[in-house]
Amino acid sequence: MKRTRVLGGMGLVAALLLLWASPAGAQTAEEQVIQLGIDLNLLWVVIGAVLVIFMQAGFALVETGFCRAKHAAHVVSTNFAVFGLGFVAFFLVGYAFMFGGFSYGAFGYDTPLNADGLIGSGHWVFLWKSGFALTGKASVPAVMGFFLYMVAFMDTTATIPTGAMAERWKWKSFVGWGLFCGAIYYPLFGAWTWGGGWLSQLGNSLDLGFGYVDFAGSGVVHAMGGIAALTGAIVLGPRIGKFGSDGKPRALPGHHIPMAMLGTFILLFGWFGFNAASTFAATDVQFASVAANTAIAAAFGATIGMFWIWRRGGKPDPAMMANGMLAGLVAITAPCAFVDPWAAMVIGSVAGLLVVESVFFIERKMKVDDPVGAISVHGVCGVFGVLAVGIFANGKYGAGWNLTTTNGDGGVAGIIKGFENLDQLAAQAIGAAVIVVGFGLLSYAFFKIQNALTKGGIRSEEEHEIAGLDLPEMGVLAYPEFTQAHTGYVSAGTGAPVSSPTA
Amino acid sequence: MKRTRVLGGMGLVAALLLLWASPAGAQTAEEQVIQLGIDLNLLWVVIGAVLVIFMQAGFALVETGFCRAKHAAHVVSTNFAVFGLGFVAFFLVGYAFMFGGFSYGAFGYDTPLNADGLIGSGHWVFLWKSGFALTGKASVPAVMGFFLYMVAFMDTTATIPTGAMAERWKWKSFVGWGLFCGAIYYPLFGAWTWGGGWLSQLGNSLDLGFGYVDFAGSGVVHAMGGIAALTGAIVLGPRIGKFGSDGKPRALPGHHIPMAMLGTFILLFGWFGFNAASTFAATDVQFASVAANTAIAAAFGATIGMFWIWRRGGKPDPAMMANGMLAGLVAITAPCAFVDPWAAMVIGSVAGLLVVESVFFIERKMKVDDPVGAISVHGVCGVFGVLAVGIFANGKYGAGWNLTTTNGDGGVAGIIKGFENLDQLAAQAIGAAVIVVGFGLLSYAFFKIQNALTKGGIRSEEEHEIAGLDLPEMGVLAYPEFTQAHTGYVSAGTGAPVSSPTA
Amino acid sequence: MKRTRVLGGMGLVAALLLLWASPAGAQTAEEQVIQLGIDLNLLWVVIGAVLVIFMQAGFALVETGFCRAKHAAHVVSTNFAVFGLGFVAFFLVGYAFMFGGFSYGAFGYDTPLNADGLIGSGHWVFLWKSGFALTGKASVPAVMGFFLYMVAFMDTTATIPTGAMAERWKWKSFVGWGLFCGAIYYPLFGAWTWGGGWLSQLGNSLDLGFGYVDFAGSGVVHAMGGIAALTGAIVLGPRIGKFGSDGKPRALPGHHIPMAMLGTFILLFGWFGFNAASTFAATDVQFASVAANTAIAAAFGATIGMFWIWRRGGKPDPAMMANGMLAGLVAITAPCAFVDPWAAMVIGSVAGLLVVESVFFIERKMKVDDPVGAISVHGVCGVFGVLAVGIFANGKYGAGWNLTTTNGDGGVAGIIKGFENLDQLAAQAIGAAVIVVGFGLLSYAFFKIQNALTKGGIRSEEEHEIAGLDLPEMGVLAYPEFTQAHTGYVSAGTGAPVSSPTA
């Protein structure tokens with residue numbers, strides 16, 4: 001049955017609004033305003049997702065800028081490809097493992113896809129089992145919008161190791177990581193926390209505060225990425241030339257500081273989607289406090305990091321400024337909704353100090369080579385952020401948010417509100433320990449097994465690393481026309497790079 | 001009559017809200033919530049416009065990164081200037097031609113500017129005629145916000161040929177294209193489709209499904225740009241040195257892979273505005289499905305493109321990864337609101353394959369030189385996207401959206417829902433044919449006539465092309481300080497480039 | 001008192017919506033829709049803040065791209081660090097000075113933090129005094145979201161001088177400026193205008209129209225930054241080699257045109273948040289007109305600037321295209337809500353001309369060295385924008401916005417609506433004069449005093465400037481691997497730059 005419009009030649013009909021704001025009797029004003037709030041909440045989450053997806057560009061630029069030119073096409077391509085690889089795996093299976101039991105109240109879609117666990121039940125669920133490839137009940141706007149937000153978080157975890165493992169990682173081994181992270185690694189811890197599994201239930205099962213609380217993922221996203229970055233860097237070993245025969249580290253400076261700075265600004269920009277849209281609702285105005293706290297921690301992290309390295313190293317090193325900002329952002333990510341502005345200032349400042357010290361510790365004491373500082377930024381400051389919830393939470397917020405345990409008397413509280421909140425800090429510490437120990441072992445096992453199963457191992461061939469991975473791995477040079485001093489390659493005419501033994 | 005506020009020294013008054021939420025009796029709660037929905041819808045469209053405008057930066061970086069350094073200032077400047085040139089022309093006349101008969105229901109402004117056609121009437125309108133320079137009834141927020149969204153789409157079409165025609169296009173000839181595209185080329189097909197003209201009325205006039213349906217412009221924007229890119233590249237001919245004396249193509253690698261990758265990520269980011277805000281309404285929650293489908297197609301396009309070129313060419317070429325993502329995005333643009341997630345996966349995957357094969361076909365079989373792959377990405381995958389509506393549409397959506405033909409029984413359906421929907425596929429095929437044949441001829445004629453009327457033709461002088469267009473055309477070098485191997489120029493001290501016959 | 005949820009393993013509860021849309025009796029539909037409007041308004045301001053914060057990346061890229069490679073790490077780092085430095089100072093004290101008396105009606109938080117001035121009272125307030133470090137009543141979402149928006153505006157002012165003073169400014173002296181701008185310089189004029197102080201009260205105190213009106217800060221942000229850029233550049237003096245022994249300027253071309261173009265696009269993108277979210281409300285649909293006017297002025301500024309420099313200098317210089325767009329954006333910032341589209345076109349076009357002429361005037365007549373054109377773009381076009389309100393305002397808008405003086409009969413009107421509106425132009429002229437003279441003197445005094453108190457002055461040492469500031473000031477090179485022709489440094493192997501006396 002077709003209707004032809006009376007007015008010829010018009011584009012947009014008002015049908016949309018007429019349908020939505022249906023005549024009196026069909027929907028009351030109360031129902032209409034609730035529906036409009038639901039629409040707005042979903043819009044906010046989709047806008048947040050778009051911002052988080054753009055963070056991939058930030059990671060790509062930071063990691064590429066802090067690496068050397070001869071590997072630049074390889075580094076930027078790992079950051080590019082991991083978006084698709086992780087996405088594909090998460091779309092097909094990871095999302096179902098993580099969020100199959102999740103409800104979508106803020107978006108007016110109250111029923112979980114399936115309330116039964118694949119492994120575990122009640123307070124002790126370890127994996128869920130529905131929504132594979134967004135089929136069936138998952139193919140509705142509420143779930144699809146939420147999926148988009150969550151796939152972007154997963155890709156952040158997936159891209160963190162590409163920094164610490166840069167300049168010496170085989171492409172095909174990297175591909176394996178991207179798929180593993182999206183399908184299993186990230187969804188597993190995700191199911192235990194944001195998906196409603198056992199860690200989020202510690203408040204119910206063991207009476208530990210609100211259970212493990214992580215507003216936007218200092219732990220779920222950043223520490224999880226950081227620990228994989230650490231184990232991956234250990235399995236790969238340091239880059240050729242990083243440590244001298246005396247065991248002392250040598251500087252291998254990044255090839256493009258403005259690129260890394262731009263990447264940091266893009267990350268700051270996208271982080272507002274990461275944190276502020278984690279209210280899942282514009283009707284929860286806490287998003288404004290979250291956004292402000294996020295910026296406060298970033299500003300203090302960058303500023304304190306700059307002053308600290310200036311004092312410690314004699315110069316206001318640009319890389320440490322950038323890492324200081326990122327450290328503040330990572331650390332505020334878990335507590336951002338639960339703390340006052342002064343606490344955001346403290347958390348950002350501590351993170352700015354911590355990241356500088358951690359970079360030195362990991363390089364000089366642990367002798368682990370992390371070209372971009374990813375382990376310190378995401379791993380160390382991620383763990384700090386998880387614990388900061390149990391220290392600085394002000395007890396004002398949480399009851400209306402997606403806490404699995406709710407407390408009628410108030411919100412999430414840390415030990416600054418009284419030592420009776422040690423149980424909350426304990427829940428946070430358990431979560432942090434699970435990441436560092438449990439997922440440290442899992443990621444280490446993954447890389448070791450992959451290394452054993454791969455002919456020649458997961459590390460690039462020595463001659464490729466010396467010449468630069470771009471041509472042997474990717475088939476192109478990042479900058480075929482710019483003469484490069486360090487690597488000594490001059491491709492003029494022939495297009496062939498000349499490898500240098502001193503590179 | 002002035003009122004002085006009682007409270008001295010305050011900035012923002014509550015008058016805004018008081019005016020809006022006027023006292024009971026003046027406006028009912030139902031009216032208030034409808035008004036708030038209208039406000040929100042306009043906001044969503046403006047946010048979408050901002051995202052699409054930012055895509056200009058993405059195009060600039062992709063095209064510049066995939067070109068050579070000696071032309072980089074020229075390529076980036078064409079992408080920059082086309083924003084203003086197309087905008088000025090569309091503002092002054094193009095918008096009036098395209099949307100003079102458009103209504104603005106979702107924004108609470110129901111009357112079209114003028115319901116009479118400039119050329120044609122009833123089901124067969126070819127051009128409209130009101131809203132020139134946004135004067136008169138067009139100078140209201142609803143129309144101005146919509147204009148902003150639409151001018152951004154036009155500029156996407158305008159900037160596509162700057163990629164395929166790069167490195168050999170005279171600046172002043174490019175200026176002519178920018179103005180022509182904004183004033184005539186884009187608005188013409190736009191009037192026939194989104195403006196409510198004859199192609200969108202094929203459902204009413206010839207009973208072909210819902211008429212030509214193109215949610216966000218696989219055809220209206222991308223294929224239209226892609227076909228102009230093809231005809232422009234043919235008229236210009238290939239770059240010096242692209243094809244050897246044996247007719248075989250030679251690789252002229254892009255000078256900056258990270259730049260091109262960043263551009264691709266910016267395009268992905270902006271594309272969410274392009275597609276998801278094309279609901280024109282946040283009260284239509286389909287925007288969330290659209291956004292998720294867009295990402296799914298992008299991720300599968302990039303991933304399948306990467307695996308395909310890896311298998312086919314031996315290396316996971318970064319340019320093909322990037323073009324794979326863009327191909328997925330272009331292809332999903334028309335069907336994104338009408339298909340299920342699994343279909344978005346299929347469409348993105350096919351586009352990822354298609355773009356690789358198309359790049360080879362256009363270069364090796366057609367012997368057309370397209371430095372950045374714009375014809376394949378936007379032209380070929382744009383046509384595929386238009387047809388994909390007629391194949392994969394699930395019949396669930398469309399009745400409330402800006403379809404000129406409405407169907408009370410359901411939404412746009414493709415042949416996967418039954419072969420009775422061949423009429424929809426026929427409408428899509430007619431639209432695609434009009435673009436490829438009709439606008440292929442129009443753009444070819446434009447470039448040929450411009451070529452004949454321009455002293456020396458629209459192609460740059462040979463010596464300029466060899467030395468690089470930057471200095472002769474723009475008066476500056478993109479990178480006056482970096483020594484460049486391929487072009488051989490070393491500007492040290494003198495600032496003068498040395499041209500190389502082997503460039 | 002804890003509640004365990006009935007459904008195990010779900011994440012997000014509907015409590016949020018249930019709390020918000022409380023049962024009938026508790027909140028009427030009218031109250032609910034007003035609350036939802038408040039939520040939406042706050043969201044719009046937070047989204048605007050995020051866009052404005054991203055503009056920092058734009059400034060960083062424009063300024064770095066237009067400077068030389070040997071200073072690139074220094075220039076990009078000043079733009080990076082100023083975000084944190086200004087932020088920290090504004091957070092601790094600046095915000096309280098500027099907005100302590102501000103009310104937050106659009107966000108449902110009607111009471112100012114403190115309605116008493118620190119200096120002055122009634123119509124003649126010069127500074128406020130509450131909200132230090134966002135403590136006390138300032139620690140609520142409405143104030144924190146508004147703070148985030150406003151701190152981003154402050155940082156724009158702070159970063160403008162880093163362009164004009166680039167390539168010869170000591171890091172530690174720059175640090176002093178960042179803190180001074182965030183704590184005192186910006187908040188002072190801010191308190192007088194947007195904070196509700198004496199300039200905004202000229203309508204009440206001296207009957208001058210609506211008092212000083214500046215919608216989004218042509219004056220408050222841009223001219224304030226531009227005048228500090230001028231005085232700073234005068235105190236520093238021109239770069240070595242900028243003026244020959246004959247006093248004629250020599251071109252010192254920017255090292256990376258695509259970087260500067262990308263930065264310009266990022267600024268355009270962020271500017272929509274800058275201008276359109278300055279309605280402070282999505283319920284005020286004027287945001288759509290503002291966004292369109294902003295784009296119109298940008299497009300005409302870029303296009304007219306391009307044609308003008310093409311005609312005047314023989315080539316369509318990319319730097320002038322970029323500055324033309326920025327000029328249009330700066331000029332439309334004050335009047336964007338008060339003018340018709342045709343006026344936006346005129347304002348943008350005039351700005352496009354003005355910036356070209358101003359760049360020549362400042363360099364050739366005033367002999368001031370401004371490496372990026374910041375004085376012309378932000379200072380000259382900022383003043384033009386302030387005056388444009390008094391010329392082009394159409395009298396339709398303003399009564400509901402945050403005007404301290406309100407006029408029941410209509411909105412802000414300029415002399416195009418009748419010469420009785422000369423009083424509005426007078427208020428604008430007073431504001432402009434206060435910036436140019438008052439804050440010109442203040443910033444000049446700041447730089448002179450800082451120069452006298454700093455050992456060796458605020459200008460970098462000559463040998464550092466010649467070699468490039470990157471290594472001596474920042475400890476790293478921006479591009480340690482790319483061989484650079486102009487500076488002559490080749491770091492091959494040694495990593496040490498070779499300074500060139502001809503640089």
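Every chain is numbered from 1 and lettered A, B, ... according to where its sequence line falls, protein lines coming before strand lines. The model shown is predicted, which means the values in this text are computed figures rather than measured ones.
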Report yes if some heavy atom in the side chain of [X] is under 4.5 Å from a heavy atom in the side chain of [Y]; otherwise report no.
X        : Y        : answer
C/Gln35  : A/Val33  : no
C/Thr64  : A/Pro258 : yes
A/Pro318 : C/Val76  : no

Checking [X] against chain A: side chain, backbone, both or neither under 4.5 Å from a heavy atom?
X        : value
C/Val45  : neither
C/Asp470 : neither
C/Ala60  : side chain
C/Ile47  : side chain

Quick one: what part of [X] sits under 4.5 Å from any heavy atom of chain C, side chain, backbone, both or neither?
X        : answer
A/Ile304 : neither
A/Ala282 : both
A/Met306 : side chain
A/Phe307 : side chain

Measure the spacing between [atom1] of [X] and [atom2] of [Y] and express it to the nearest 0.5 Å.
X        : Y        : atom1 : atom2 : result
C/Leu43  : A/Leu43  : CG    : CG    : 7.5 Å
A/Phe287 : C/Asp39  : CZ    : CG    : 6.5 Å
C/Leu36  : A/Leu40  : CG    : CG    : 6.0 Å
A/Trp310 : C/Trp171 : CH2   : CH2   : 7.5 Å
A/Lys396 : C/Ser139 : NZ    : OG    : 5.0 Å
A/Gln32  : C/Gln32  : CD    : CD    : 11.0 Å

Tell me which donor-acceptor pairs under 3.5 Å the side chains of residues 262-272 of chain A have, and how far apart each pair is, sequence neighbours excluded?
from	atom 1	to	atom 2	distance (Å)
A/Thr264	OG1	A/Ala260	O	2.8
A/Trp271	NE1	A/Thr333	OG1	2.8

Show the nearest heavy-atom pair for residues [X] and [Y], with the distance to one decimal.
X        : Y        : value
C/Phe80  : A/Met321 : CE2-O, 3.6 Å
A/Ile257 : C/Leu477 : CG1-O, 3.6 Å
C/Glu481 : A/Lys70  : OE1-N, 4.3 Å
A/Ala299 : C/Val88  : O-CG2, 4.3 Å
C/Met144 : A/Asn293 : CE-OD1, 3.5 Å

Report the option among [options] that has the most heavy-atom pairs separated by less than 4.5 Å from atoms of chain C.
options                      : value
A/Asp317, A/Asp340, A/Ile296 : A/Ile296
A/Ala291, A/Ala298, A/Ala288 : A/Ala288
A/Ala302, A/Pro316, A/Ala292 : A/Pro316

Non-neighbouring partners of C/His74 that pass side-chain hydrogen bond (donor to acceptor under 3.5 Å, both in side chains), sequence neighbours left out: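 With sequence neighbours excluded, C/His74 shows a side-chain hydrogen bond (donor to acceptor under 3.5 Å, both in side chains) to no residue whatsoever.
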Worked verdict on A/Thr303 versus C/Phe87 for side chain to side chain contact (heavy atoms under 4.5 Å, CB included): CA-CA 9 Å; A/Thr303 304; C/Phe87 191 115; over 6 Å; no
Find the one option among [options] whose heavy-atom pairs under 4.5 Å with chain A are most numerous.
options                               : value
C/Gln56, C/Met259, C/Lys172, C/His256 : C/Gln56
C/Ala81, C/Ser77, C/Gly145            : C/Ser77
C/Val50, C/Leu85, C/Val46             : C/Val50

Residue pair A/Tyr479, C/Phe482: steps toward the side chain to side chain contact (heavy atoms under 4.5 Å, CB included) verdict: CA-CA 10 Å; A/Tyr479 314 105; C/Phe482 297 150; 3.8 Å; yes
Between C/Phe91 and A/Phe300, ring centroids under 6.0 Å: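 For C/Phe91 and A/Phe300, the ring centres are under 6.0 Å apart.
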